[in-house]
Asker: 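Got a structure for you, written out below as structure tokens; questions coming shortly.
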Amino acid sequence: MTEFIHHIPALIIVIPLLWGFATPLIGRLSKKGMYAWVVTALAITEALTIAQIYLVLTQGTQVYVMGGATYNTTIPPDSGGIPVRIILTVDAFSAFMAFTAATVTLAGGIYSITSEEGTSGESMYYTLLLLMLSGMLGMVMTGDLFNFFVFLEINSLASAGLIAYRVGKGISVEAAFKYAIISSVGALIYLFGVGILYGEYDALNLAMVASRMQFTGLDKVVMALFTVALAMKAGSVPLHYWVPDAYGKAPGAISAILVTASQASLYALFRVCFSLFGLGSNTLTTGWFLISLGLLSMFVGVTMALIQTDIKRLMAYHAISQTGYMLLGVGVGLATLGTAAFSQYGLQAMEGGIFHIINHAMYKGLLFLTAGAVIYRLGTSDLNKMGGLAHNMKYTTVFFMIGALSIAGIPPFNGFASKLMIYESTYLFNPILSIIAIVVSVLTLASFVKVFHSAFMGPKLYDVKEVPKAMLVGMAILTSLIILFGLFPNIAIQYLVGPAAKALANQAAYISSVMGGA
Amino acid sequence: MVGALNTYVTPSGFWNPILWLIAFLISLLLAYIIWSRGEKSYKKETEQVKPFFAGNVIESKERAHVRAHNIYWGFVEALRPYYMALKRIHTGDVNDYVAWFIGVTSFMLIIYFLWGVKP
């Protein structure tokens, strides 16, 4: 049992990967068997991510050496002091992100059982879904810069395939094409940066490179390449243009999972800022870079959302806007890192930003699932053609209301808790930032009032039924977590968010977890 | 900071969702009491339930439903120059997406070269 526990980080990535490749074979034998197979994989992965959180909280950062003589010998005696193998480095922030990704994918996978039933290539859909999950988990758990690129590519390719899944008279395919182009450009630019670092420091391990970082002119180039490429993959303004296309045209469950895929890139952006460059860089500059992106994302995202009449595009713009809150919170933390202000309010700003990651994954995931439910029944995503759905789709309406109230930061839902943390801490940093964040929240509420009125209120226009149970179960999973984190934010803060923020801020601990006393 | 009884202590105060929920339920109860003592002449299935649209005759309930593109029309009109500028840059052309990426990367290269590392 003890031996098994040590392999949890590897199993979390390997299970969806192998399960995914076997899915088409299972699908040929039995469709129901394939559903059970996929849900089992997702449930096991979810359970392992929870176990991993427990391990990290009780035993500290977990390292796992792929193909090593032992699972934790990061620096073999004959390697010249360099961690040569692929090393998974799972601190509290990584474990937090892995749990977030696995939870939304579990809900999305269950939801897909009926939402995608009868579509052609269903087994391929689940294969890509599992590969997408594996890619996300690898991105947030790897401690290797090149290996991150590999998982980024796995995730991007699977995501592009899933965005194009519905074809949609070519429109979905066009959206997938744009996503593929943007992902490839971002990934190649990132890879170029990795190449520069490898040439300079003879290492690909993040902790190793961080420990050798000299902040040369080339390193400044890498800073620009990494931060901008990852900000684009995270969907922040002014690099967000692909987001409404991709989220808007993907199937509902995939749009929900794409939110966590973007968050995996956001994780990497935060990771390179804190753990790779850290205090050696000018954290005021990198912090304000994140804050600026955050402000632009919040305001441009929400104002663009207000004028949308396509339910999925509207929600996609809100996803951009909400990413702004995370960038703002963590950006304030980064800008104050190493100063007295960090302990006064910087750490809380980071906690707010990180708490918003999981909250956003849950409520935006839920909102995309409700949008998918509406489209499933009406066959259109045009809000102008909707109305009166609350008469017949009562559960979907309640789920939508909970998601909408949460994203707008209305108490007692989870969105309020994280936004409160961001408002208060950023106010102490700069009051204008806090005021903008509150105004954006008001506009978010206004936007979702529009959706609620257009789609669910008014006279009964369509004689439709509620969506099937599997779709309701998918939505219910995310709803229950929204309520749980809303009513008991201290659980999330104490066991997930607080340790994650502290782990992210502590570059020395991250480096020593891999390098040890070397 | 996490305090006792599900209370999250913030720099300027605290947040306790359970207390908030209790206060909210009490407010709902008060609202219900006030409402129950009000006008009782409302009757379902009568003229009272017909939509009123500035005195104009409404042909059907379906036509009275305000559609999405009409909501916040005034807000959007008031911000027309801002929205014109925003729409202009949202071209939908992937070449422009990449151009923005190149532009931002170039800008950040200058910023990081000037102020990227602590002096």
Side-chain angles (χ1 to χ4, degrees), chain A residues 177-178 181-182 185-186 189 215 217 220-221 223-225 227-229 231-232 238-239 241-242 245 279-282 284-286 289 300 303-304 306-307 309 344-345 348 383-384 386-388 411-412 417 420-421 424-425 428 446 450-451 453-454 458-459 461 486-490 493-494 498, chain B residues 1-8 10-13 15-18 20-21 24 51 60-72 75-76 79 82-83 86-87 89-98 100-119:
Chain A
F177 172 73
K178 287 176 181 173
I181 294 284
I182 290 300
V185 169
I189 293 296
F215 295 99
K220 291 174 187 172
V221 173
M223 278 172 82
L225 298 180
T227 52
V228 181
M232 181 168 72
L239 307 156
Y241 300 101
W242 61 271
D245 299 331
L279 281 169
S281 64
N282 189 342
L284 197 62
T285 304
T286 44
F289 171 65
V300 172
T303 48
M304 280 302 288
L306 266 172
I307 59 169
T309 53
Q344 286 167 16
Y345 56 81
Q348 197 196 26
L383 282 166
N384 286 320
M386 296 179 191
L420 178 71
M421 294 164 78
E424 287 211 358
S425 49
L428 294 170
K450 169 181 163 175
V451 180
H453 172 83
S454 307
L461 301 180
L487 292 180
F488 304 99
N490 54 342
I493 293 165
Q494 198 163 357
Chain B
M1 190 190 299
V2 179
L5 291 171
N6 196 38
T7 301
Y8 179 72
T10 67
S12 313
W15 168 236
N16 187 319
I18 304 298
W20 184 91
L21 208 57
F24 182 72
S60 66
K61 270 188 178 181
E62 287 70 22
R63 291 198 60 176
H65 184 54
V66 180
R67 301 291 177 169
H69 68 273
N70 288 323
I71 300 173
Y72 306 133
F75 177 84
V76 176
L79 293 175
Y82 170 73
Y83 274 114
L86 269 192
K87 283 180 180 174
I89 58 172
H90 286 82
T91 58
D93 186 341
V94 73
N95 293 313
D96 294 338
Y97 300 1
V98 178
W100 272 97
F101 173 71
I102 294 167
V104 175
T105 307
S106 310
F107 178 73
M108 288 314 297
L109 269 173
I110 296 166
I111 296 292
Y112 285 141
F113 263 99
L114 291 175
W115 300 292
V117 177
K118 278 180 180 158

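Labels below follow one simple rule: chain letters A, B, ... track the order of the sequence lines, proteins then strands, and each chain is numbered from 1.
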Asker: Using non-hydrogen atoms and a 4.5 Å limit, figure out which bit of A:Y345 sits close to chain B: side chain, backbone, both or neither.
Answerer: neither
Asker: Provide the closest heavy-atom pair for A:L487 versus B:I18 in the form atom of the first, atom of the second, distance.
Answerer: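 Result for this residue pair: O-CD1, 4.1 Å.
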Asker: How far apart are the C-alpha atoms of B:F75 and A:L306, what are their side-chain angles, what is the distance that settles it, and do they pass the side chain to side chain contact (heavy atoms under 4.5 Å, CB included) test?
Answerer: CA-CA 9 Å; B:F75 177 84; A:L306 266 172; 3.5 Å; yes
Asker: With a 4.5 Å cut-off on side-chain heavy atoms, are A:W242 and B:V94 touching?
Answerer: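 Result no, sub-4.5 Å side-chain heavy-atom pair not found.
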Asker: Side chain, backbone, both or neither: which part of A:V300 has a heavy atom under 4.5 Å from chain B?
Answerer: both
Asker: Of the backbone (N, CA, C, O) and the side chain (C-beta and beyond), which part of A:D245 lies under 4.5 Å from a heavy atom of chain B, both, or neither?
Answerer: side chain
Asker: Who passes side-chain contact (heavy atoms from CB on, under 4.5 Å) against B:F24, sequence neighbours left out?
Answerer: B:W20, B:L28
Asker: With only heavy atoms counted, which part of B:I89 is less than 4.5 Å from chain A, the side chain, the backbone, both or neither?
Answerer: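 Looking at B:I89, backbone and side chain both touch chain A.
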Asker: Need one label for A:M223: side chain, backbone, both or neither, based on atoms under 4.5 Å from any heavy atom in chain B.
Answerer: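 For A:M223, backbone and side chain are both near chain B.
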Asker: Let me see the working for B:Y83 and A:T303 under side chain to side chain contact (heavy atoms under 4.5 Å, CB included), right down to the final yes or no.
Answerer: CA-CA 8 Å; B:Y83 274 114; A:T303 48; 3.6 Å; yes
Asker: Pick one of side chain, backbone, both or neither for A:A229, based on which atoms fall under 4.5 Å of a heavy atom in chain B.
Answerer: both
Asker: Is the number of heavy atoms from other residues, nucleotides or ligands under 6.0 Å of A:F177 CZ greater than 12?
Answerer: no
Asker: Let me have the donor-acceptor pairs involving side chains of residues 104-119 of chain B, under 3.5 Å, with sequence neighbours excluded, atom names and distances please.
Answerer:
| residue | atom | partner | partner atom | Å |
| --- | --- | --- | --- | --- |
| B:T105 | OG1 | B:F101 | O | 2.7 |
| B:S106 | OG | B:I102 | O | 2.7 |
| B:Y112 | OH | A:T227 | OG1 | 3.3 |
| B:K118 | NZ | A:L279 | O | 3.1 |

